[in-house]
Structures are given as structure tokens and as C-alpha cells.
Amino acid sequence: MIDVVTPPTSPVSRERSKEIKRLSVISAARQARLLSRAELTELTGLSPATLTPLVRALIAEGYLIERGPGTSRTGRPRAMLEFNPRAELVAAVSLEPSRISCEIADSDGVVIAHRTARLHRDIVGTICRFVPELVGDGLPALRGVAIAAPGVSSGGAVRLAPSVGLVEGQPIGDSVQRQLGVPVVVDNDVNLMAAGEHAAGAGSDVSDLLLLHVADGVGAGLILGGRVRHGAAGAAGEVGFLPLDPADRGHDGVGPFEARWSANAIAERVVALRPGRRPSAAVRELVELSRTDAAAAGYLGEVLGAWARLIVSCVCVVDPGRVLLSGAAADLDDAALAQLQSLVTLAAPAPTEVRRAVLGDRAVLHGAVSYALSAAVPALPVGSP
């Protein structure tokens, strides 16, 4: 007779199975918000015997809050469990040329703390000081950090962001992750603007869009199939580097297109048209000046023509269906916006709607919160309960 020896169950497998079941309970409670244990059993497919210790542990961790009996049409009312969004906190950080902004939000995206300060050279040190100070006693609930920076981001490193002191691949993501001990996501600020508009702004009703942001530079954020697209090296959307003629060679962090058609370039031309102080809202002042000055009207037409060519070039490749104008481009009045739409419609190979973005300065932080929540809340493996 041959003895059959059953190999022992791997402790790693048991722990992984337990974690999958725990995540399924958290996911079901997060979606339902308020539910009974019986409803939790039905949603997760877990037996009451398996569910009881998991629920007890999640109550102790602060994920679930025991509430009083709910209403019932038949039988005795059941005690209810409520998901606590404050059990999962995320930090959203935005780096700009002169300042750093940091927000702490719960898993509903509700901001519970905010700070803005001047941007200093020690970016990592500032982030790692701000986040714990803002989150306070909630530090054990911190699940992730998202950092928005100008330039190209790949693998947590940032390059081509001279305006904030990040030029050649500084690994700020890894550095912050080592110090804070939570997942850190770093991405281009325009990508996060697009994610923010898609989550809570002018793109919330579509799954494909392109956001064109005009500021000191010109950049685009691309969302296809509901996801931000980065490209092989993280440089998708760096439309400011579009060459304007065959002589364009190289760069010092500034692309040929943005050197000529950014808010900075427009501001210089506005000063030439109307000598005086440099405008803080160059496109808005150009639009106003164009109503009474023929030269300004002609230059506004050049700006709209350049932006239209850029949009059409993008449409030819990715066909986003909707283009959102952000930054200085959102300062176009209705007449100029209609003119831009007409130029795009005439040249684009597919129907393309041009709209203003609506979140303004809040778009980056909305997108960062969305990113951080995605990093903080892992998806369940396919086929898990």
C-alpha cells in the first residue's frame, strides 16, 4: 500500500487568501456604504463563520462602524454596518513654479486638510514634512500619495521640469515612498488635470478626451478608455515640443511650439501691442484688446490658428472626441471659442468637440486624489470572492 502524503498548505497561501477575503469585504462595504451582516454575506459570498472574524477585525481597524438596527419589512431589524471613508486617507501634492500645495482627502475624495507654501529646493523634505503634519493623528490611515509635477514623469522620476528644479530624472517618488512608507504615484501635472476633469469636471461623462493646457508651456493630457495614457517613456502629451519647421533642433526644457504659442509668448506680444505692464492673464487681455485693435485681432487669429493646428494634429492620431481647454486657453471668450471650434471642425478628420475645462486650479488636486485613491485601493484578483 502506498501512503499518499498531502503537502502542507503554504502559510503564504493562507495569508493571501485571508487578504483577498478582507479586501472583498472592504470593497463591498465601500460600495454599499450601509449594510447588514447578512447583506455582506450575500455580496461577498463568504460564509457567516468566515465573515464574523473579518468584520470584527475591520471594526477594530476603523473600516467599519456598528450602527443601530435598520428598518425591516419582515422579522426583527438587523444591526447595520457603515463603511468609514476616514479609514483610508490619501495625500495629493501639486508642484508649481513658485509654490507647493498639499491636500489630505478621505476615500470619498473629501478634502480634510490643505496647505500651500512657497516651493523650496528640498522638495522631498517638504513633502515628507507636510504630509504627516497635515494628516496628524490619522497617519496610520494614510494609504497613498500622488505628486503632480510639470515635465515628464516615469517610474516615479521627473525630468524636463526646470520651473520647479527637476530636470534630469530626480527620483522623488522613491524618495518619498521610502520616508513615508506608503505607495507614491508621480505624474505630469497636465495628466492629473485631465484625470481631475474626467473624475469631477467637464469630462466626467465621456471615456475619451484630450486636455490642452496652456501656461508657461503647452502640454496635453490624454484619456482613452477612461485611463490616462502615458506612452512608452511617459512623454505622451508633450505637445509643446511639436516642431514648427525643419530647422527645429534640440531644446533646453522648452519645446518649439510652446516657445511661440504659450501664455508667456502671448504675454510678450500683448506688451508689444499695448506697451505697459506684463499682463497676468495674457489671453484674456488679448481677447479684450482684439475688440478695439485690428492688430490684436489679427494676432488672436494667429493664436487660434496655431492652437487649432495642434488640436487637429492630435485628433489625427488619437481621435479623442472631446478637447478641453485649460489654463490660459480657458480664458477665450465665447466668440473666440466658437472660432477655434470652427477651425477644428473644418480640418479634423473626425467630429471633435472643443470645450473649456471647468475645475481651474483645482483640477490637479482632484486628479491627484483620484490617483492616490487608485494606488491605495488595490483591485481584487480576477475570480476572487
Side-chain angles (χ1 to χ4, degrees), residues 190-191 193-194 197-198 201-215 217-225 229 231 236-248 255-267 269-270 273 281-358 363:
V190 181
N191 284 342
M193 290 176 198
E197 290 286 345
H198 182 250
S204 60
D205 60 329
V206 294
S207 58
D208 304 305
L209 66 87
L210 182 136
L211 180 137
L212 178 64
H213 184 72
V214 178
V218 178
L222 177 64
I223 291 181
L224 296 176
R229 304 296 173 167
E238 291 295 324
V239 296
F241 289 86
L242 185 74
L244 298 177
D245 60 61
D248 288 333
F257 187 92
E258 61 193 2
R260 185 170 177 183
W261 301 111
S262 66
N264 277 344
I266 294 170
R269 187 66 176 271
V270 169
L273 289 167
V283 172
R284 188 177 302 139
E285 294 204 23
L286 175 61
V287 169
E288 292 175 0
L289 187 60
S290 71
R291 297 184 182 122
T292 57
D293 185 286
Y299 177 57
L300 176 59
E302 293 179 28
V303 171
L304 295 176
W307 289 354
R309 289 192 296 275
L310 179 60
I311 291 171
V312 171
S313 297
C314 294
V315 170
C316 288
V317 178
V318 297
D319 185 20
R322 180 176 297 174
V323 173
L324 301 180
L325 304 179
S326 175
D331 287 338
L332 294 176
D333 66 359
D334 290 345
L337 179 61
Q339 185 177 345
L340 180 60
Q341 175 70 77
S342 178
L343 291 170
V344 170
T345 299
L346 285 171
T352 305
E353 180 185 25
V354 181
R355 291 189 185 184
R356 299 182 189 89
V358 297

List the residues meeting salt bridge (Lys or Arg N to Asp or Glu O under 4.0 Å) with Glu285, not counting sequence neighbours, and say none if there are none.
Arg274, Arg277
For a 4.5 angstrom cut-off between non-hydrogen side-chain atoms, does Val239 reach Phe257?
no
Side chain to side chain contact (heavy atoms under 4.5 Å, CB included) for Leu286 and Leu273? Distances and angles first, verdict last.
CA-CA 9 Å; Leu286 175 61; Leu273 289 167; 4.3 Å; yes
Gln341 to Thr352 - nearest heavy-atom pair and separation
NE2-O, 2.9 Å
Could you give me the CA-CA distance, side-chain angles and deciding distance for Val303 and Val283, then say whether side chain to side chain contact (heavy atoms under 4.5 Å, CB included) is met?
CA-CA 9 Å; Val303 171; Val283 172; 5.8 Å; no
Interatomic spacing from CH2 in Trp307 to CG in Leu212 - rounded to 0.5 Å:
7.5 Å
If you define the side chain from C-beta out and look only at heavy atoms, does anything of Val190 sit under 4.5 Å from Glu238?
no
Verify, without hydrogens or angle tests, whether Ser342 (side chain) and Ala338 (backbone) share a donor-acceptor contact under 3.5 angstrom.
no
Any side-chain to backbone donor/acceptor pair from Arg322 onto Ala202? Under 3.5 Å, distance only.
yes
Evaluate Tyr299 against Ile266 for side chain to side chain contact (heavy atoms under 4.5 Å, CB included), listing each step before the verdict.
CA-CA 9 Å; Tyr299 177 57; Ile266 294 170; 3.6 Å; yes
What's the shortest heavy-atom distance between Asn191 and Ala236, and which atoms?
OD1-O, 4.5 Å
Separation between CZ of Arg269 and CZ of Arg260, rounded to the nearest 0.5 Å:
8.5 Å
Nearest-0.5 Å distance, CG of residue Leu210 to CG of residue Leu310:
8.0 Å
Side chain to side chain donor-acceptor pair (under 3.5 Å) test vs Asp333 passes for just one of Arg291, Arg284, Gln339, namely Arg291
Shortest non-hydrogen contact from Leu224 toward Asp208
CA-OD1, 3.1 Å
Which atom of Ala265 lies closest to which atom of Ala259, heavy atoms considered:
CB-O, 3.5 Å
Separation of Arg309 CZ from Leu304 CG (nearest 0.5 Å)
10.5 Å
To the nearest 0.5 Å, what is the distance between CG on Leu332 and CG on Leu300?
7.0 Å
Just verifying a value: how many Å separate Ile223 CD1 and Glu197 CD, rounded to the nearest 0.5 Å?
9.5 Å
So which atom in Val323 and which in Pro320 form the shortest heavy-atom distance, rounded to 0.1 Å?
CG2-CG, 4.3 Å
Minimal heavy-atom distance between Ala215 and Ser262, with the atoms involved, is O-CB, 3.4 Å
